[in-house]
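One structure below.
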Amino acid sequence: LAMQKESLIEKEKHNARRISIIEGSAASASGGFGDSFIIPFAQAIGSNALHIGLISAFSGFISPISQLFGNKLMEKQPRKKIVRKYVLIQALLWIPIALIAILYWQNILQGYLPWALIILYSCIAITSGLAHPAWFSWMGDIVQDDKRGKYFSKRNTVAGSVGIIVAILGSLIIDKFEVLGITFIGFGLFFLLACLFRLISFSMFRK
């Protein structure tokens, strides 16, 4: 019985590792459609050097700080709940960012939109930081110590390749939208795709 139970647990962990590669690829695709185009989008909606600097600084500064609070969360909540909660919030935050593209296209509240983008993208960085410690701890239980290097190398290679391909395809597509004079529809579509792929990532965590 003990051997059967151990075999079943290892089978479940193997399945979880496989699903995590799919999850990582979906998350990378989300980043390819979303994160890769945030700065070009910020420039397109009239952001000045200050706005661009704040977006870059906040996204790089807030996420590590949020990880400190993410560590504290694990003392009060299950890791799976933390990861799923903040990944879902992160996915949904791309919707109002897509809305910014439409509002700018329709000449609505244009002067306020760069600041709205800074706030929303900072919230995405915060949710990423809050989820990361729980995700890292969770993965530590799934991947054996002596196989972590090989596994994460494979996972990062697959996910990274997906992200690069998506970013390149996105650049080609946004150029076509620009030629057609509907650049902001392209940006809005990309951010909705970022939401969609992050929701796919969320659904993988549920498995």
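None of these values were measured; they are calculated from a predicted model. Counting begins at 1 with the first residue of the sequence.
Judged by distance alone, with hydrogens and angles left aside, the side-chain atoms of S128 form no donor-acceptor pair with the main-chain N or O of I124 at under 3.5 Å. In terms of modelled atom types and a separation under 3.5 Å, the side chain of R17 and the main chain of V143 share no donor-acceptor contact. Side chain of R155 to main chain of S20: a donor-acceptor pair is present (N/O by atom type, distance under 3.5 Å, no hydrogens or angles). Under a 3.5 Å cut-off, the side chain of S201 and the backbone N or O of A27 do not form any donor-acceptor pair. No side-chain donor-acceptor contact under 3.5 Å links S137 to the backbone of A134. In terms of modelled atom types and a separation under 3.5 Å, the side chain of S66 and the main chain of I62 share a donor-acceptor contact. Listed for the S203 side chain is a donor-acceptor partner under 3.5 Å among the backbone atoms of I200.
Not counting sequence neighbours, H132 has no partner by the side chain to side chain donor-acceptor pair (under 3.5 Å) test. By the side chain to side chain donor-acceptor pair (under 3.5 Å) test, Q110 is found to be paired with N107, residues two or more places apart in sequence or in another chain being considered. For D146, there are no side chain to side chain donor-acceptor pair (under 3.5 Å) partners two or more places apart in sequence or in a different chain. Considering only residues two or more places apart in sequence or on other chains, R84 meets the salt bridge (Lys or Arg N to Asp or Glu O under 4.0 Å) condition with none of them.
Under a 4.5 Å side-chain heavy-atom criterion applied to ILVMFWY residues, the cluster that includes I19 comprises I22, M204 as well.
Salt bridge annotation for D141-K13: absent, with no cationic side-chain nitrogen under 4.0 angstrom from a carboxylate oxygen.
Applying the side chain to side chain donor-acceptor pair (under 3.5 Å) test to pairs two or more places apart or on separate chains, none has a residue in residues 156-185.
Of all the heavy atoms in A101 and F187, the pair that sits closest is CB-CB, 4.3 Å. Across G129 and P133, no two heavy atoms sit closer than the pair O-CD, 3.1 Å.
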